[in-house]
Amino acid sequence: AIMGMLAVIMVPTISGVIEENKKNNSENLINSIKSSARAYITDNRYEIKLNDSSCANDIRNITFIGNDYIDESKITVELLVNKGYLKSNSDDIINPETNKPINKGKSYIVVTYDWYSKDFKYGKPHIE
């Protein structure tokens with residue numbers, strides 16, 4: 001009976017801790033991708049080419065950085081890993097929510113340039 005009562009008390013507590021850890025790890029992954037993208041843009045800012053078409057709110061898409069072509073201002077996690085800006089303890093980067101490796105080629109962050117603020121804007125990373 002005592003063991004049963006302890007189980008009833010502990011199971012919700014443990015599952016809450018696990019969910020909180022998943023949330024924190026997901027936020028850490030998102031922050032790591034954003035920080036890596038910022039470092040990549042900062043290191044390569046003189047090689048960034050912006051498209052010349054006028055965009056809403058004077059935000060311009062990045063067409064390429066150095067020799068790296070960017071698809072619609074999407075910087076993939078794969079590019080950040082290959083360039084050494086994003087590191088992991090293994091070859092795989094694990095999505096904390098699914099506990100499976102992310103698809104580095106399909107996971108990305110959108111970066112645009114705002115002419116008004118003269119600064120780059122970083123969207124929320126898309127993780128697959």
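Because the structure is predicted, anything quoted here is derived from the model rather than measured.
Between E78 and the options L80, I75, N82, a side chain to side chain contact (heavy atoms under 4.5 Å, CB included) holds for only N82.
Residues meeting the salt bridge (charged side-chain N to carboxylate O under 4.0 Å, His left out) test with D68, sequence neighbours left out: K83. For the side-chain hydrogen bond (donor to acceptor under 3.5 Å, both in side chains) test, no residue two or more places apart in sequence or in another chain qualifies with E19. E27 pairs by the side-chain hydrogen bond (donor to acceptor under 3.5 Å, both in side chains) definition with nothing, not counting sequence neighbours. Take S117 and apply the side chain to side chain contact (heavy atoms under 4.5 Å, CB included) test, not counting sequence neighbours, and it matches D114, D119, K121. For T98, there are no side-chain hydrogen bond (donor to acceptor under 3.5 Å, both in side chains) partners at least two apart in sequence or on another chain. Listed by chain and number, the residues in a side chain to side chain contact (heavy atoms under 4.5 Å, CB included) with K118 are Y113, W115 (sequence neighbours excluded).
Within the structure, every pair that satisfies the ring-ring contact (aromatic ring centres under 6.0 Å, His included) test and touches residues 20-43, not counting sequence neighbours, is listed here: Y40-Y85. Annotation: ring-ring contact (aromatic ring centres under 6.0 Å, His included) contacts involving residues 2-30, sequence neighbours excluded, are absent. Sorted by first and then second residue, the salt bridge (Lys or Arg N to Asp or Glu O under 4.0 Å) pairs with a member in residues 88-110 form an empty list; sequence neighbours excluded. For residues 29-50, no residue pair satisfies the salt bridge (Lys or Arg N to Asp or Glu O under 4.0 Å) rule, not counting sequence neighbours.
Between I62 and V111 the shortest heavy-atom distance is CD1-O, 3.6 Å. Across every non-hydrogen atom of L29 and P96, the tightest pair is CD2-CD, 3.9 Å. Nearest heavy atoms, P125 versus I109: CG-CD1, 4.1 Å.
Interatomic distance, OG of S26 versus CG of N21, reported as 10.5 Å (0.5 Å rounding). Going from atom CD1 of I65 over to atom OG of S73 covers 8.5 Å, rounded to the nearest 0.5 Å. Put simply, OG1 on T76 and CD on E128 are 12.0 Å apart, with the number rounded to the nearest 0.5 Å. Put simply, OG on S36 and NZ on K87 are 8.5 Å apart, with the number rounded to the nearest 0.5 Å.
If you chain together hydrophobic residues whose side chains sit under 4.5 Å apart, I102 and I94 never meet in one group.
At a threshold of 4.5 Å between non-hydrogen side-chain atoms, the residues N61 and T112 count as touching.
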Evaluate side-chain contact (heavy atoms from CB on, under 4.5 Å) for I48 paired with I70, printing each intermediate quantity in order. CA-CA 10 Å; I48 294 174; I70 307 298; over 6 Å; no
Evaluate the criterion side-chain contact (heavy atoms from CB on, under 4.5 Å) for residue pair I127 and I93; output intermediate values, then yes/no. CA-CA 11 Å; I127 300 171; I93 297 174; over 6 Å; no
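Chaining together hydrophobic side chains whose heavy atoms lie under 4.5 Å apart places Y108 alongside V110.
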